[in-house]
There are 6 protein chains.
Amino acid sequence: MNPNIETFIGCDSGFDEAHIVLFGAPFDSTTSFRPGARFGPAAMRHESFGLETYSPYQDKDLTDCHIFDSGDLELCFGSAEAALADIQARAEEILSAGKLPLLLGGEHLVTLGSVRAVFARYPDLHIIHFDAHADLRDDYLGARLSHACVLRRCHDLLGDGRIHQFCIRSGDREEFRFAKAHTDLHPFGFEGLAELTEALARVGAPVYFTIDLDCLDPAVFPGTGTPEAGGVTFPQLLEAMRLVCRANVVGADVNELAPMLDHSGVSTAAACKVLRELLLTLSK
Amino acid sequence: MNPNIETFIGCDSGFDEAHIVLFGAPFDSTTSFRPGARFGPAAMRHESFGLETYSPYQDKDLTDCHIFDSGDLELCFGSAEAALADIQARAEEILSAGKLPLLLGGEHLVTLGSVRAVFARYPDLHIIHFDAHADLRDDYLGARLSHACVLRRCHDLLGDGRIHQFCIRSGDREEFRFAKAHTDLHPFGFEGLAELTEALARVGAPVYFTIDLDCLDPAVFPGTGTPEAGGVTFPQLLEAMRLVCRANVVGADVNELAPMLDHSGVSTAAACKVLRELLLTLSK
Amino acid sequence: MNPNIETFIGCDSGFDEAHIVLFGAPFDSTTSFRPGARFGPAAMRHESFGLETYSPYQDKDLTDCHIFDSGDLELCFGSAEAALADIQARAEEILSAGKLPLLLGGEHLVTLGSVRAVFARYPDLHIIHFDAHADLRDDYLGARLSHACVLRRCHDLLGDGRIHQFCIRSGDREEFRFAKAHTDLHPFGFEGLAELTEALARVGAPVYFTIDLDCLDPAVFPGTGTPEAGGVTFPQLLEAMRLVCRANVVGADVNELAPMLDHSGVSTAAACKVLRELLLTLSK
Amino acid sequence: MNPNIETFIGCDSGFDEAHIVLFGAPFDSTTSFRPGARFGPAAMRHESFGLETYSPYQDKDLTDCHIFDSGDLELCFGSAEAALADIQARAEEILSAGKLPLLLGGEHLVTLGSVRAVFARYPDLHIIHFDAHADLRDDYLGARLSHACVLRRCHDLLGDGRIHQFCIRSGDREEFRFAKAHTDLHPFGFEGLAELTEALARVGAPVYFTIDLDCLDPAVFPGTGTPEAGGVTFPQLLEAMRLVCRANVVGADVNELAPMLDHSGVSTAAACKVLRELLLTLSK
Amino acid sequence: MNPNIETFIGCDSGFDEAHIVLFGAPFDSTTSFRPGARFGPAAMRHESFGLETYSPYQDKDLTDCHIFDSGDLELCFGSAEAALADIQARAEEILSAGKLPLLLGGEHLVTLGSVRAVFARYPDLHIIHFDAHADLRDDYLGARLSHACVLRRCHDLLGDGRIHQFCIRSGDREEFRFAKAHTDLHPFGFEGLAELTEALARVGAPVYFTIDLDCLDPAVFPGTGTPEAGGVTFPQLLEAMRLVCRANVVGADVNELAPMLDHSGVSTAAACKVLRELLLTLSK
Amino acid sequence: MNPNIETFIGCDSGFDEAHIVLFGAPFDSTTSFRPGARFGPAAMRHESFGLETYSPYQDKDLTDCHIFDSGDLELCFGSAEAALADIQARAEEILSAGKLPLLLGGEHLVTLGSVRAVFARYPDLHIIHFDAHADLRDDYLGARLSHACVLRRCHDLLGDGRIHQFCIRSGDREEFRFAKAHTDLHPFGFEGLAELTEALARVGAPVYFTIDLDCLDPAVFPGTGTPEAGGVTFPQLLEAMRLVCRANVVGADVNELAPMLDHSGVSTAAACKVLRELLLTLSK
């Protein structure tokens with residue numbers, strides 16, 4: 001009789017043979033509106049058993065890939081810096097072993113931990129960012145480590161022209177001004193993505209790919225802290241993910257599922273399907 | 001003072017003058033993920049009073065049609081074979097009276113009971129199947145009478161080339177392989193449906209029309225056991241139903257509404273509207 | 001230490017300098033299907049703090065506008081006539097001060113109170129009406145003051161050819177017949193709106209603009225009493241609102257949010273965003 | 001094949017042989033806080049199939065009683081007076097046939113329609129009233145026909161000393177003053193009930209018995225418009241109902257279930273059980 | 001980096017050193033009213049992390065006990081007999097290793113699988129049964145393997161006088177007649193339990209202990225398929241469990257948590273606490 | 001026309017004439033299990049309009065008291081120390097004006113801000129603490145400013161014998177050991193409270209009174225982050241509050257309502273009633 005191992009469906013390689021390593025960061029302490037993203041990674045794991053491992057979109061199967069699911073980190077609620085350090089350490093451990101770290105949030109701030117680790121290894125890193133919100137505030141009510149500031153903190157590391165933002169439809173006036181000067185912001189949808197990824201792929205630039213699931217329309221994905229009407233559809237997101245994965249993706253995350261905000265379960269189901277498609281696309 | 005008769009709105013013909021007979025099959029014992037479809041037919045009846053009998057889409061009114069609602073069968077939970085026998089008997093009774101049986105599920109397995117009855121009368125039967133899932137497994141965890149196998153069991157009866165599947169976006173690899181060899185599967189949407197229905201109409205082929213409501217996108221229809229992102233819109237479904245009804249439809253069903261999974265009630269409201277439009281389209 | 005003032009976000013002008021005055025009408029006594037719209041205006045105010053004051057759609061900010069939020073009226077449940085009188089009085093007070101009244105419902109009947117006040121001042125008034133339902137019944141179960149009759153009562157005042165209805169996809173046969181003879185009804189979407197608003201703008205005709213939020217698809221806006229599948233998308237509504245505001249809008253309302261019917265909160269969030277965009281568009 | 005008759009479980013006598021006649025009043029237009037009681041009677045009918053007809057508390061079975069369920073009245077939302085007239089007419093029709101009317105609300109105002117009919121026949125009528133709220137306001141925001149005034153309106157008919165109130169734990173100061181002078185109010189629980197019912201039984205006084213289910217603690221019965229902590233338990237209510245039924249009960253009602261406020265369904269289940277026990281107790 | 005092992009909190013012994021072995025039976029195919037108990041065991045495992053391992057009631061800690069959690073069986077939906085065979089096999093495996101099997105349901109029918117295994121080893125077995133429902137029907141709509149018949153099937157094995165039922169407050173008349181003749185039924189509460197357990201303990205009789213959590217009042221435990229008002233309190237259940245565990249308990253189960261019926265999560269939290277206290281009491 | 005002032009019902013004194021000052025601390029960043037307490041104070045304010053200002057328990061009315069509601073602080077999510085500083089400052093401002101600060105949480109950690117302010121003014125302060133949880137951990141996953149440590153941090157200030165804990169039924173073994181040595185912990189209920197308050201009243205000792213609403217049974221109060229079965233009833237809590245207020249209460253708080261965890265609204269309604277009774281009891 002074996003102990004009860006629980007992974008995202010089809011992600012049951014051993015660590016050594018894995019190409020991709022999943023890890024969850026159940027953290028949402030800086031969420032300013034509606035919390036609950038801490039339960040996202042566990043919900044995706046639990047509910048993934050309603051999903052098939054096979055994708056008719058790509059004619060590929062998770063059981064043919066090599067993915068290890070290391071479960072959730074145990075993070076300190078109330079201390080963003082401590083949580084980020086733990087996330088960074090885990091990402092570094094995965095990168096050191098030559099594998100791709102795939103982080104499941106949690107609120108969007110968790111991305112910073114992973115980006116720090118990836119940037120240390122790839123100083124010419126680009127970030128491709130799908131999100132409803134610009135996340136470019138310099139601080140939020142005094143806090144510089146906030147979900148609302150995470151791409152600004154990434155900009156502190158990477159500098160101008162390295163952050164490519166898509167689907168953005170919310171932010172304060174100052175964030176949009178900052179974006180005009182310092183990032184490559186594409187409002188509302190994916191216009192310009194094909195050209196960008198082709199250019200990045202041509203030069204083999206390393207890319208960190210961060211997906212805030214609230215880029216999806218709330219109709220498709222209501223279970224998130226700050227739903228913003230006017231988002232993209234699920235097929236649009238699938239297509240965009242496939243474009244990004246033509247580039248040299250060296251780290252990635254999927255975040256901001258807050259399952260208890262959507263009792264119908266469709267948000268969790270959609271998040272699981274996004275993750276399956278992302279894993280299959282990354283498993284070249 | 002009369003007893004409290006409850007029908008789907010506008011379906012209050014007597015049995016004798018009716019052209020279409022509704023009957024509910026509140027059964028979901030083989031549902032593998034989230035149960036609750038047993039409550040679908042009753043919910044559609046109860047909530048239909050929020051609907052108008054008139055359709056501006058078709059400029060037709062249910063009060064001009066001849067439809068009898070015979071309520072729900074009392075089915076044995078836990079025995080798929082017994083439930084199917086009762087469904088088949090009811091469908092046969094309706095067919096014997098020269099009327100069209102319109103079954104309300106319940107999980108998708110209930111279709112098999114109705115198809116058995118219709119097939120006995122129309123050995124050259126075709127099935128047009130709208131669904132997110134292929135439902136072509138040979139067995140599911142050992143059970144051959146499972147919602148995940150229902151179209152496979154229909155194929156056992158009808159044979160190759162008679163089952164036409166649309167909107168399919170989920171299944172295991174083996175099901176898609178089986179479909180390639182034995183059914184006429186159109187993934188994701190309704191491509192090819194116009195040509196098909198024209199061809200079937202031309203030869204007057206008898207058609208059984210089964211609608212798993214999860215063909216709709218979960219944004220529109222979250223209240224179902226296994227929601228699959230990437231489905232069709234409500235206007236697309238309306239248009240597709242009208243195409244199908246140009247053929248010689250001799251039996252039909254609408255299934256997989258699980259009302260308690262969607263507390264907002266929009267899934268039940270959408271199911272009611274689908275049923276109204278289907279009834280009006282069938283009432284030529 | 002100040003008392004706790006609660007307004008819709010960014011609407012904190014004083015009354016005197018305001019150009020637009022918000023007021024809520026928490027009334028739903030005549031709702032025939034699912035009540036709860038009474039909680040709409042308070043929910044929009046409470047939840048608006050999850051919204052930004054800045055709109056990237058219009059590159060404008062509520063903090064630059066002059067809007068006063070006067071809170072909710074205290075209305076008598078159970079007496080439609082008394083409630084309408086209070087709404088009319090408040091709208092007259094706002095109009096007298098040379099400001100634009102923007103009413104938050106509540107069920108759609110509340111519109112009649114505001115229209116009475118605006119019509120008294122502008123006898124050549126036109127109404128532009130976005131709604132899933134025609135609301136043209138002469139009475140509903142005997143009541144002539146019912147949400148299902150509100151546009152019919154407006155027609156009693158304004159007469160033929162002055163009421164322009166869009167997105168309509170539900171009503172009984174008689175309402176559609178009435179519309180054909182007496183109103184300018186555009187079913188399902190916004191076809192014809194651009195031409196209409198251009199024509200009205202050219203002559204400077206005064207326009208009352210009433211938005212029943214159930215014109216939106218239930219996927220986007222499930223939290224409403226009578227959800228009707230097949231509605232418009234959020235971007236379509238934004239675009240349509242901008243068209244209407246090219247005309248001379250002299251009064252407006254947003255109604256039929258029933259927040260407790262949508263526990264995910266996305267309906268309230270969408271309503272807040274509609275209101276922000278409407279306020280920004282009206283603040284020329 | 002028979003049409004779909006839906007009754008409260010076990011209440012399927014014909015009208016003629018019935019001793020008790022159920023009728024529903026789906027009305028809640030004057031509800032001042034949270035509406036939804038309109039759905040109470042239908043929910044009790046639909047969900048009663050989760051209940052047994054046999055009571056181990058009384059060792060009696062509904063199938064041995066003679067009860068007819070006449071379904072719900074179709075009432076005009078927005079007009080309290082019209083709704084009350086329809087309720088009164090139905091109660092009179094039942095009383096004329098020598099049967100006991102048992103009304104299912106709806107908000108508590110519906111009681112007035114039934115009491116008017118019963119009082120016309122029994123001018124020496126007493127009312128026994130179980131409720132969390134005194135319902136003794138003379139008007140509520142100007143309305144004299146309001147759920148908050150219903151016992152005051154009954155007092156207008158019956159006069160002093162005829163209204164016996166139990167479990168009361170909410171009201172404004174004026175209501176408690178009025179009660180001190182004019183009614184027989186027992187706060188919080190059932191103290192004094194045994195003595196009262198014995199006295200009434202001794203003289204054979206006719207009694208109208210009205211149960212606002214919010215007399216129960218919200219722990220047991222959360223699904224109601226105005227939950228008030230500190231209520232009675234379910235066994236206490238059972239015992240109290242049995243005491244009341246020793247008197248000469250000539251009319252009764254059960255009201256204020258608002259099923260959509262309690263998604264767990266336990267409130268509806270409790271209401272069904274209260275109704276079963278009441279019916280069995282009244283079926284002497 | 002380790003794979004993600006998920007157990008009930010504090011139950012992380014290896015199989016060999018364990019005294020108690022947990023196993024889940026996620027099955028609810030015969031549930032006649034509201035399904036969902038299939039998700040009970042997984043929910044208890046997931047949510048147990050909101051619980052402490054230490055009990056101030058008993059001053060004991062799960063970390064001092066020796067318990068192995070073997071996760072959930074993969075059972076065939078739709079076939080009660082196949083599911084029971086798998087449950088029986090797992091229980092036998094645990095018993096063969098000299099350990100106590102503790103089954104987590106699922107619907108109550110799962111008990112039969114475990115009882116068959118335990119009875120094979122202990123032919124003089126007694127059952128102590130806490131439940132709102134007698135579960136003594138001979139068949140339910142034709143099915144003899146139904147949750148409503150489970151204790152009747154146990155009686156087929158054990159015979160008269162061996163089944164001791166407590167808290168029973170629902171059943172049809174025939175079940176109560178059967179109980180009078182063949183089982184030891186104590187209605188409503190725990191009266192007689194202390195005497196019984198003392199007597200059984202004195203002779204060292206082997207006891208199977210089955211807890212249907214709906215013995216608890218729905219106020220405390222709303223998340224169950226068939227809630228029955230009038231149940232016992234949580235402290236009463238704790239005290240009763242401690243009484244039972246003075247006897248020679250050789251097998252046990254806890255069942256009928258349907259987590260999705262209670263979005264507040266208190267039912268799952270209560271079930272976890274019941275399980276912790278039961279495990280601590282059994283770990284002598 | 002006035003701006004929209006929103007207070008807890010009946011708390012509309014000006015600051016100067018007030019004896020008690022309410023302030024909300026919408027903070028829950030350190031919550032370890034289920035967040036959402038940040039929405040507690042706003043929900044209590046919004047929903048208080050379903051409550052009467054008059055209490056039949058005390059025959060007193062809030063409109064006769066002098067209470068100012070200063071609304072919610074704007075706190076920094078993600079920084080416990082910054083939030084505590086803001087809370088402390090507000091409490092000091094209220095104390096300086098000679099008024100009693102009554103804090104509405106938020107998670108229980110907010111108490112520390114208030115206690116720091118009160119302790120600075122009353123070095124001989126006692127704390128009376130109602131809670132399901134001991135909250136005596138020295139740190140929680142590394143954080144010393146956590147809801148799970150708040151009474152331990154209070155003990156750092158006040159020292160041994162000054163903290164009196166009631167209703168405690170959860171904690172780890174170490175917390176109960178600490179309590180035995182350093183605090184006055186009464187498990188499960190209110191035993192000993194009458195003696196304690198009498199003794200404190202006799203010497204006029206200043207008392208800070210902190211109520212974690214999860215001391216209530218989850219049946220009564222499910223809407224809280226960490227529900228613990230086996231709590232006290234509402235009438236028991238009322239009685240206990242009245243006992244405490246016989247002592248010299250110089251500061252107080254009510255916390256841990258997480259409204260979105262209980263869609264039925266009964267938790268918020270219960271919290272409002274607790275607050276009304278506390279305010280009336282403190283308004284001597």
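What you see is a predicted model; the values in this text were computed from it and never measured. All values below were derived from every heavy atom in this structure, side-chain atoms included, with hydrogens, water molecules and symmetry-related copies excluded. Naming: A, B, ... by sequence-line order, numbering from 1 per chain.
- In terms of heavy-atom pairs under 4.5 angstrom with chain B, the leader among Thr31(E), Leu145(E), Asp28(E) is Thr31(E).
- Looking only at heavy-atom pairs under 4.5 Å with chain E, the residue among Gly78(B), Ser146(B), Ser29(B) that has the most is Ser29(B).
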Practice problem: In sequence, state the C-alpha distance, the side-chain angles, and the governing distance for Arg34(B) and Phe39(E), and then conclude on side-chain contact (heavy atoms from CB on, under 4.5 Å). | Solution: CA-CA 9 Å; Arg34(B) 305 189 304 174; Phe39(E) 299 117; 4.0 Å; yes
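- Minimum heavy-atom separation, Pro35(E) to Met260(B): O-CE, 3.8 Å.
- Here salt bridge (charged side-chain N to carboxylate O under 4.0 Å, His left out) pairs that include residues 256-270 of chain E, with residues two or more places apart or in two chains, number zero.
- Neither the backbone nor the side chain of His147(B) has a heavy atom closer than 4.5 Å to any heavy atom of chain E.
- The line from CG of Leu141(E) to OG of Ser79(B) is 11.0 Å long, rounded to the nearest 0.5 Å.
- Of the inter-residue distances, the one linking Ser32(E) atom OG with Leu75(B) atom CG reads 13.0 Å to the nearest 0.5 angstrom.
- Heavy-atom distances place both the backbone and the side chain of Ala143(E) under 4.5 Å from chain B.
- Taking Phe166(E) as the reference, His186(E) meet the ring-ring contact (aromatic ring centres under 6.0 Å, His included) condition, with sequence neighbours excluded.
- Only the side chain of Leu261(E) comes within less than 4.5 Å of a heavy atom of chain B; its backbone N, CA, C and O stay farther away.
- By the neighbour-count criterion of 12 heavy atoms within 6.0 Å, atom CD of Glu81(E) is densely surrounded, having more than that number from other residues, nucleotides or ligands.
- One distance of note links CZ of Phe77(B) with CG of Leu109(E); it measures 14.5 Å at 0.5 Å rounding.
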